[in-house]
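Both counts, for ligands and for their atoms, begin at 1 and track the order of listing.
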Amino acid sequence: MAYKITTECISCKLCLSVCPTGAIKIIDGQHWIDPELCTNCVGSLYTVAQCKAGCPTCNGCVKEPADYWDSWFNTYERMISKLTNKSDYWENWFNIYSQKFSEQLQENKQAIGT
Ligand code: SF4
Ligand code: SF4
C-alpha cells in the first residue's frame, strides 16, 4: 500500500522535494500522494520512506494500512513509542514516590518508637 498524507499535515512542503518519484502533489491546497506513483521508496536509493522520514509532524505522513490488523498494529506501535518516549517521566515519578514513601515510613517508625 502507498503512503498517504493525513490531516496532521501542516503543509510545510518538505516532502514534495524529497519524494524520488514525484508522487506528492498539492491539490486544492492539500498535500496528496498519488498511489499510482508512490513506490514506498522501495527500489530507490533510500531504505526508508522519504516523505515520512522528513515530515516534522508525528503522523502527517503514514503508510496506508493494507488491512484491519495492519491498522491495529500501526496504532499499537504508535502508542508504545509514545509511552516508551516517556520512560524518563515514569522513572522520575517512581524515584520521587519511593523516596517520599520511605521518608514517611521512617517518620511513622520514629513516632511509634520502633
Ligand atoms: S513513500 Fe517514497 S515514493 Fe511514496 S510518496 Fe513517500 S517519498 Fe514518495
Ligand atoms: S512533510 Fe509532512 S507536514 Fe510537511 S507537507 Fe509533507 S506531509 Fe505535510
Side-chain angles (χ1 to χ4, degrees):
M1 297 300 280
Y3 274 73
K4 70 169 183 179
I5 291 175
T6 72
T7 52
E8 288 194 30
C9 171
I10 56 170
S11 300
C12 71
K13 297 190 170 71
L14 272 175
C15 54
L16 276 175
S17 55
V18 294
C19 176
T21 64
I24 302 170
K25 298 167 181 176
I26 300 178
I27 294 178
D28 293 335
Q30 302 289 312
H31 285 68
W32 175 74
I33 295 177
D34 184 341
E36 297 293 319
L37 293 177
C38 176
T39 58
N40 293 348
C41 286
V42 173
S44 65
L45 286 174
Y46 310 106
T47 51
V48 293
Q50 292 301 287
C51 51
K52 182 169 176 59
C55 182
T57 71
C58 286
N59 295 307
C61 186
V62 296
K63 192 170 185 187
E64 193 112 51
D67 62 16
Y68 172 82
W69 287 110
D70 255 9
S71 165
W72 191 91
F73 278 112
N74 281 349
T75 308
Y76 172 80
E77 277 167 15
R78 260 202 323 271
M79 300 304 286
I80 289 291
S81 76
K82 277 186 183 167
L83 285 172
T84 49
N85 283 343
K86 289 187 178 165
S87 60
D88 281 357
Y89 172 85
W90 292 111
E91 205 174 306
N92 282 344
W93 179 87
F94 180 75
N95 287 340
I96 292 167
Y97 176 81
S98 56
Q99 190 187 342
K100 290 279 172 212
F101 185 74
S102 37
E103 279 169 14
Q104 266 186 359
L105 205 63
Q106 206 59 38
E107 281 169 20
N108 285 350
K109 274 185 180 174
Q110 282 165 2
I112 58 173
T114 56

>> Walk me through whether Asn40 and Tyr3 qualify under side chain to side chain contact (heavy atoms under 4.5 Å, CB included).
In response: CA-CA 7 Å; Asn40 293 348; Tyr3 274 73; 3.4 Å; yes
### Message
For a side chain to side chain contact (heavy atoms under 4.5 Å, CB included) check, start with the C-alpha distance between Leu37 and Lys25, then their side-chain angles and the critical distance, and finish with the verdict.
### Response
CA-CA 11 Å; Leu37 293 177; Lys25 298 167 181 176; 3.7 Å; yes
Test Ile24 against Ile5 for side chain to side chain contact (heavy atoms under 4.5 Å, CB included), laying out the working first. CA-CA 9 Å; Ile24 302 170; Ile5 291 175; 4.0 Å; yes
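Contact detail for Ala23 and Cys38: the closest heavy-atom pair is CB-N, 3.6 Å. The shortest heavy-atom contact between Lys52 and Cys58 is NZ-O, 4.1 Å. Among all heavy-atom pairs drawn from His31 and Ser11, the shortest one is CE1-CA, 3.6 Å.
When hydrogens are left out, the protein atom nearest atom 2 (Fe) of ligand 1 is Cys41 SG, 2.3 Å; that is the closest non-hydrogen contact. When only non-hydrogen protein atoms are considered, atom 8 (Fe) of ligand 1 lies nearest to Cys19 SG, 2.3 Å. In terms of protein heavy atoms, atom 4 (Fe) of ligand 1 is closest to Cys38 SG, 2.3 Å. Of the protein's non-hydrogen atoms, the one nearest atom 6 (Fe) of ligand 1 is Cys51 SG, 2.3 Å.
Against a heavy-atom cut-off of under 4.0 Å, Ile10 is close to the following atoms of ligand 2: 3 (S), 8 (Fe). Atom numbering of ligand 1 starts at 1 in the shown order; those under 4.0 Å from a heavy atom of Ile33 are 5 (S). The distance from ligand 1 to the heavy atoms of Ala49 drops below 4.0 Å at these ligand atoms: 1 (S). Every atom of ligand 1 is numbered from 1 in the order shown, and the set under 4.0 Å from a heavy atom of Pro20 is 7 (S). Within ligand 2, counting atoms from 1 as listed, the ones closer than 4.0 Å to a heavy atom of Cys15 are 1 (S), 5 (S), 6 (Fe), 7 (S).
Within a 6.0 Å radius of CD in Glu103, more than 12 heavy atoms belonging to other residues, nucleotides or ligands are found.
For the residues Cys12, Gly60, Cys9, the heavy atom positioned nearest atom 1 (S) of ligand 2 is part of Cys12.
Looking at Lys13 against ligand 2, only its backbone comes within 4.0 Å, counting heavy atoms. Looking at Thr21 against ligand 1, only its side chain comes within 4.0 Å, counting heavy atoms.
Among the atoms of Cys55, an N, O or S atom falls under 2.8 Å of atom 2 (Fe) of ligand 2.
In terms of modelled atom types and a separation under 3.5 Å, the side chain of Gln50 and the main chain of Val48 share a donor-acceptor contact. No side-chain donor-acceptor contact under 3.5 Å links Asp28 to the backbone of Gln30.
Not a single heavy atom of Gly54 sits under 4.0 Å from any atom of ligand 2.
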